[in-house]
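Step one of this worksheet: look at the structure below.
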Amino acid sequence: VHTLSSLVKGCFVTGKTLDALDFWNGLVREGVEPNIVAYNTMIQGFCSYGNMEGALSVFSHMEETWHSPNIRTYCSLINGFAKAGSLEDAADIWNKMLTNGCCPNVVAYTSMVQALCKHLKFKEAHFLIENMSKGQCSEAVPTFNAFIKGLCEAGRLDWAEKVFREMEQRYRCSPNIVTYNELLDGFLKGNRTKEAYDLSQEISIRGLEWSLSTYNTLLHGFCRSGLPGPALQLTGKMLVDGKSPDSITYNMIIFAYCKQGKADIATRMLDLVSCGGRNWQPDVISYTNLMWGLCNSSGIDEVVALLERMISEGILPN
RNA sequence: UGUACAACCUUAUAGC
């Protein structure tokens with residue numbers, strides 16, 4: 001059984017879902033009796049690819065053979081359905097979990113809050129959080145983060161701010177850098193620049209460290225507002241602070257140049273950063289954006305050439 | 001020796 005779990009896990013992490021299924025079917029047919037770990041590995045594997053039919057079929061097999069799911073099983077399924085945007089299915093699993101006498105942990109709460117937020121059920125999400133025990137609340141940063149993100153995305157910034165204050169004062173749960181990044185992004189996208197700035201200062205005051213996402217979030221705000229000065233200043237600060245840009249950083253800058261009609265600069269930037277010993281590889285997004293930029297400023301030939309270059313580098317068009 | 005990357009943040013686009 002241990003071998004089965006390992007094989008299945010290996011197949012999933014390398015993207016070979018079908019092989020995972022083959023191993024599973026083969027060994028089960030030969031009389032290997034899957035245990036809870038093997039079942040969870042299979043279910044989590046399917047869920048991580050959004051293959052909820054696959055996950056459910058394993059789950060049914062589990063029920064038919066009288067194997068009890070544990071909290072990990074339920075978490076995988078709820079999270080899978082939350083990501084797939086299926087609130088009803090997530091709620092079904094949640095209820096089944098309670099029926100079977102399995103108590104939700106903070107991971108389960110986080111996924112369920114996500115599912116509710118996707119459907120703008122903020123009152124219900126709040127109610128769910130209220131149900132958590134005191135001890136759970138203090139450990140539930142991701143749960144509050146999921147809630148805050150949902151509120152920000154829906155433009156309910158004031159509500160998000162309220163949750164931000166309450167999580168600490170009422171629930172004794174200190175925000176982390178992710179919490180700050182989400183709010184920062186929310187304020188920037190809502191054009192509440194002053195509050196965004198204040199918040200960015202508060203991070204260091206509170207003894208937290210800016211993450212790469214913090215820089216990227218701010219950079220995106222500057223690029224979006226067409227503020228090349230602050231944007232360049234921030235990339236400078238990034239390097240001084242010892243943070244290496246990633247694909248998100250590069251793609252944002254390339255796109256910003258394209259939007260300004262400066263596809264030539266964007267092209268040079270891509271070449272500069274990806275060639276000559278640099279370790280960045282442009283991805284589909286980089287190329288797509290650059291092609292879009294070239295469409296506006298160059299001839300079709302250049303665009304086609306870039307497309308061919310992308311394909312020759314082993315990146316398939318989406 | 002097996003689920004141990006089970007949950008939370010940041011980038012483009014077209015179509016519907």
Side-chain angles (χ1 to χ4, degrees), chain A residues 1-10 12-13 32 34-48 55 58 69-80 82-83 90 104-115 117 136 139-150 152-153 160 163 167 173 175-186 188-189 203 208 210-224 243 245-259 266 282-293 295 317-318:
Chain A
V1 204
H2 291 197
T3 316
L4 174 59
S5 299
S6 298
L7 282 171
V8 160
K9 170 86 179 172
F12 277 118
V13 302
V32 174
N35 62 9
I36 182 68
V37 174
Y39 276 115
N40 286 351
T41 309
M42 272 306 269
I43 290 174
Q44 168 60 22
F46 278 125
C47 287
S48 68
V58 177
N70 64 12
I71 184 64
R72 209 120 172 157
T73 323
Y74 294 118
C75 282
S76 292
L77 289 167
I78 294 169
N79 186 48
K83 296 265 152 65
N105 60 12
V106 292
V107 176
Y109 277 110
T110 306
S111 296
M112 202 59 214
V113 165
Q114 270 186 90
C117 285
Q136 279 179 321
E139 302 293 313
V141 196
T143 314
F144 288 105
N145 287 350
F147 192 26
I148 288 172
K149 187 193 176 193
C152 284
E153 275 178 353
V163 175
M167 66 186 275
C173 175
N176 63 10
I177 188 62
V178 174
T179 322
Y180 277 97
N181 291 343
E182 289 178 349
L183 274 174
L184 206 49
D185 191 49
L188 287 168
K189 286 179 177 157
I203 297 173
L208 291 170
W210 284 26
S211 67
L212 192 52
S213 293
T214 317
Y215 294 88
N216 286 341
T217 302
L218 284 169
L219 193 60
H220 181 244
F222 293 144
C223 288
R224 226 173 42 94
K243 292 281 187 297
D246 63 0
S247 283
I248 295 182
T249 321
Y250 288 130
N251 288 344
M252 274 190 310
I253 297 173
I254 288 172
F255 182 64
Y257 277 122
C258 287
K259 250 193 322 195
D283 56 18
V284 200
I285 296 182
S286 329
Y287 282 110
T288 308
N289 291 347
L290 199 47
M291 283 188 275
W292 176 78
C295 282
N318 62 14

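Within every chain, numbering begins at 1; the chains are lettered A, B, ... in the order of the sequence lines, protein sequences first and strands thereafter.
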In whole angstroms, the gap separating P of B/A6 from CG of A/N40 amounts to 11 Å
Any donor-acceptor pair under 3.5 Å joining the side chain of A/S111 to the base of B/A7? no
Between CD of A/Q44 and P of B/U3 the distance, given in whole Å, is 12 Å
Does the side chain of A/N289 come under 3.5 Å of the side chain of A/N251 through a donor N or O and an acceptor N or O? no
Regarding the side chain of A/P142, the nearest nucleotide among B/U10, B/A7, B/A4 is B/A7
Can you check nucleotides 14-16 of chain B for protein contacts, nitrogen or oxygen pairs under 3.5 Å, and list what you find?
none

Taken to the nearest whole Å, CG/A/L7 to P/B/G2 is 14 Å
>> What's A/S76 touching, base or sugar-phosphate or nothing? Going by heavy atoms closer than 4.0 Å.
In response: nothing
Original post:
Looking at B/A6, does its base get a donor-acceptor pair with the side chain of A/N105 below 3.5 Å?
Top reply: yes
Name the orientation class of the two ring planes belonging to A/F12 and A/F46 (parallel below 30°, tilted from 30 to 60°, perpendicular beyond 60°). perpendicular
* Return yes if some donor-acceptor pair links the side-chain N/O of A/Q114 with the main-chain N/O of A/G150 below 3.5 Å, else return no. => no
Checklist entry - Does one side chain, of A/K83 or A/N79, offer a donor that lies under 3.5 Å from an acceptor on the other? => result yes
What one should report as the nearest heavy-atom pair of A/T41 and A/S5 is CG2-O, 3.8 Å
- Message: Using the C1' atom as the point on both nucleotides, what is the distance between B/U11 and B/A7, in whole Å?
- Response: 23 Å
| Base, sugar-phosphate alone, or nothing: which one does A/T217 contact when heavy atoms must sit under 4.0 Å apart? | sugar-phosphate
Against the side chain of A/E182, the closest entry in B/C8, B/U3, B/U11 is B/C8
A/I285 atom CD1 is separated from B/U11 atom C1', nearest whole Å, by 6 Å
message = Looking only at side-chain N and O atoms, does A/N216 offer a donor or acceptor that is under 3.5 Å from a partner on A/N181?
response = no
**Request:** Determine yes or no for a side-chain-to-main-chain donor-acceptor pair under 3.5 angstrom, with A/S111 supplying the side chain and A/A108 the backbone.
**Result:** no
With a cut-off of less than 4.0 Å, is there a side-chain N or O of A/K189 near OP1 or OP2 of B/U11?
yes
From the candidates B/C5, B/C8, B/C9, the one with an atom nearest any side-chain atom of A/N181 is B/C9
Per atom distances to the A/K83 side chain, the nearest of B/A12, B/G2, B/A7 is B/A7
To the nearest angstrom, the CH2-P distance between A/W210 and B/C9 comes to 20 Å
Go through the side-chain N and O atoms of A/T217 and A/D185 and say whether any donor and acceptor fall under 3.5 Å apart. no
message: I'd like to know if the side chain of A/T214 pairs up with that of A/S211 as donor and acceptor (distance under 3.5 Å, no hydrogens or angles considered).
response: yes
Taking the C1' atom in each of B/G2 and B/A6, what is the distance between them to the nearest angstrom? 16 Å
Winner on side-chain proximity to A/V178, out of B/A12, B/C9, B/U3, is B/C9
Note to self: Under 4.0 Å, counting only non-hydrogen atoms across every strand here, what does A/V8 touch: a base, just sugar-phosphate, or nothing?
What the structure shows: nothing
query = Heavy atoms under 4.0 Å, any strand shown: does A/S213 hit a base, just sugar-phosphate, or nothing?
reply = base
Whole-Å distance, A/D246 CG to B/U11 P, equals 11 Å
Would one find a side-chain N or O of A/K149 under 4.0 angstrom from OP1 or OP2 of B/C9? yes
Rounded to whole Å, the NZ-P distance (A/K259 to B/U13) equals 8 Å
Problem - Separation of the P atoms in B/C5 and B/U1, to the nearest angstrom - result: 15 Å
message: Say we look at B/C8 and B/A4: how far apart would their P atoms be, to the nearest angstrom?
response: 15 Å
From CG of A/L188 across to P of B/U10 the rounded distance in Å is 13 Å
Quick one: label A/V284 by what it contacts on the DNA or RNA (base, sugar-phosphate, nothing), any heavy atom closer than 4.0 Å. nothing
**Message:** So, does A/H2 get its side chain near the phosphate of B/U3, meaning an N or O under 4.0 Å from OP1 or OP2?
**Reply:** no
message = Need one value for A/N79: base, sugar-phosphate or nothing, where a base atom within 4.0 Å counts as base even if backbone is also close, heavy atoms only.
response = sugar-phosphate
Which of B/G2, B/C8, B/U13 is nearest the side chain of A/F255? It is B/U13
